[in-house]
Amino acid sequence: MNVRSAWLPITGQTRSDTRVASLGALTPTSPVASRSGILPGSSDGKWRISGFTIVGTTAMGATVYPGRALIQGTDSQGGYPVALTQTLNLTFADGHAQYARVDLIVLRVYDDEYDASGRTEAAVEVIRGVPAASPAVPATPPLSLPLYTVAVPAGTSAGTGGIAWATALLGLRTATVGLGGILPVTTDTAIGAYPGQYRDIEGALQRWDGNAWLPYPPKPVWQNWTPVWSTATGSGTPSFGNAEVLARWIQQGPTVHMNFAITFGSTTSFGTGATTNDNWRFTLPVKAAAITKGIGFADLTLGLRDRVTARIRCTSTSVFELEIASGLPTGGAIAGFGLTDAVSPWTWAAGHTIIGSATYEAASQ
């Protein structure tokens, strides 16, 4: 029978029925399989994974500390819950006389029904590596969860001081959590199980989008924008022509940062018949939360020493204008004050520039 249930039949429930049915709420890797791994957490809440921690305790021995884990077999075989409730001691063979080796420590399940091993049990085992000039990590056996590798230098023994535990151990443990839980990632690079799954990697959240793990919330990036240039009256409409317009913005939550640099060109039009009433307007990259009298400053220049400062103000939630806020640094006169237009603070021409930056609150995040 292909539909398998646990704790429903009066008789006939098999061990694999129990494994397949009761573990469906863990991190899935297929519709009926779960992610192998160690259940995360520690008694003091300080560690991502404390289960099956291994610490060198003697010259050639180490201690495995309690923990819980799941080791997934084939889809039909199910997942094997494993628990170590007391510490367990491991002993390592002496090093080769000439070459170093790398041993692999695994949490392993034997199931005679599937592997004909003659054993039905779980064990923590040391898979001894092959001594070599460039030693390799042994292959992980079937139905096993890698825990650590141990570097065993040539000639290592209790008589020579034993294994250098401070540097010999390399952790390989991976975690598994309940469906919908945030997966604490340590060493694995596994793909996600479903779009919308979250994991914690080095203190930062990531979300699986179906193809890749992406930062969450998404990291803001600088973007280009070309402001629309108009006037407050709708008359004397200007156009950039061949002006150089460099404008960038970024939004972090409700805060928008923007900067821009405009160098007017030979085909720039400053508006036919424009007057001091035709104040210049430039569109914001994103809509502002409110009209604001000051969000930043801009430098208006017509030469190396001829420049004035303008205050950037939102005269609506969609546009900003430039309010002249200083005179020339030379003390010379300027043609007009108030809001910048085709003839204020001077009559604009090719080569003149506007360079500014501002920060404001966006209407929406």
Side-chain angles (χ1 to χ4, degrees), residues 182 195-198 200 203-241 243-264 268-271 274-301 308-326 337-342 344-345 348 353-365:
I182 295 175
Q197 182 185 9
Y198 291 88
D200 181 305
L205 276 181
Q206 292 184 335
R207 181 182 183 275
W208 180 255
D209 73 346
N211 296 296
W213 289 106
L214 300 177
Y216 185 85
K219 288 185 177 180
V221 295
W222 283 95
Q223 303 178 62
N224 295 322
W225 115 91
T226 301
V228 176
W229 187 17
S230 63
T231 65
T233 60
S235 301
T237 303
S239 63
F240 286 119
E244 181 181 59
V245 181
L246 303 174
R248 303 267 286 168
W249 67 281
I250 190 170
Q251 182 172 350
Q252 175 72 60
T255 304
V256 177
H257 303 283
M258 69 178 195
N259 56 60
F260 56 92
I262 302 169
T263 302
F264 296 117
T268 298
S269 171
F270 299 98
T275 69
T276 55
N277 292 322
D278 301 316
N279 302 323
W280 286 351
R281 287 184 165 182
F282 302 89
T283 54
L284 293 162
V286 296
K287 193 172 182 179
I291 295 173
T292 308
K293 292 183 177 180
I295 62 172
F297 292 92
D299 192 36
L300 317 183
T301 69
V308 302
T309 298
R311 180 160 49 90
I312 302 173
R313 57 184 291 183
C314 293
T315 50
S316 82
T317 57
S318 299
V319 301
F320 68 88
E321 300 183 19
L322 303 169
E323 186 168 24
I324 300 165
S326 76
F337 290 91
L339 292 165
T340 301
D341 51 52
S344 302
W348 290 83
T353 65
I354 302 176
I355 302 172
S357 62
T359 299
Y360 64 94
E361 181 184 357
S364 60
Q365 298 188 36

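Residue numbers count from 1 along this sequence. Computed from a predicted structure; not experimentally measured.
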Could you check if a side-chain atom of L322 sits within less than 4.5 angstrom of a side-chain atom of F282, using non-hydrogen atoms only?
-> yes
Using every non-hydrogen atom in the two residues, find where [X] and [Y] come nearest and quote the distance to one decimal.
X	Y	result
I295	C314	CD1-SG, 3.7 Å
D209	N211	OD1-N, 2.8 Å
P345	T340	CD-CG2, 4.3 Å
P195	G210	CG-CA, 4.0 Å
T309	F297	CG2-CD2, 3.9 Å

Would you compute the distance between atom [atom1] of [X] and atom [atom2] of [Y] and round it to the nearest 0.5 angstrom?
X	Y	atom1	atom2	answer
L300	T353	CG	OG1	8.0 Å
D200	L205	CG	CG	6.0 Å
I312	T359	CD1	OG1	9.5 Å

Who pairs with R207 by salt bridge (charged side-chain N to carboxylate O under 4.0 Å, His left out), at least two apart in sequence or on another chain?
-> none
Near-ring test F320/Y360, centroid separation under 6.0 angstrom =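 For Y360 and F320, the ring centres are not under 6.0 Å apart.
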Any residue meeting side-chain contact (heavy atoms from CB on, under 4.5 Å) with [X], in chain and number order, not counting sequence neighbours:
X	value
Q206	R199, I201, W213
S344	T276, I324, D341
S239	S269

For the pair [X] (side chain) and [Y] (backbone), establish whether a donor and an acceptor sit closer than 3.5 Å, ignoring hydrogens and angles.
X	Y	value
T315	R313	no
T268	F240	yes
Q251	G253	yes

Pairs under 3.5 angstrom only: tabulate donor-acceptor contacts from the side chains of residues 214-229 to other protein residues two or more places apart or in another chain.
residue: N224; atom: OD1; partner: R248; partner atom: NH1; Å: 3.0
residue: W225; atom: NE1; partner: T283; partner atom: O; Å: 3.2

Give the ring-plane orientation class for W348 versus W280, where under 30° counts as parallel, over 60° as perpendicular and anything between as tilted.
-> tilted
Report the residue from V245, I354, I355 that forms a side-chain contact (heavy atoms from CB on, under 4.5 Å) with F260.
->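 With F260 as partner, side-chain contact (heavy atoms from CB on, under 4.5 Å) holds for just one option, I354.
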If a pair satisfies salt bridge (charged side-chain N to carboxylate O under 4.0 Å, His left out) and one of its residues is in residues 276-301, list it, with sequence neighbours excluded.
->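 Salt bridge (charged side-chain N to carboxylate O under 4.0 Å, His left out) check on residues 276-301 returns R281-E321, D299-R307.
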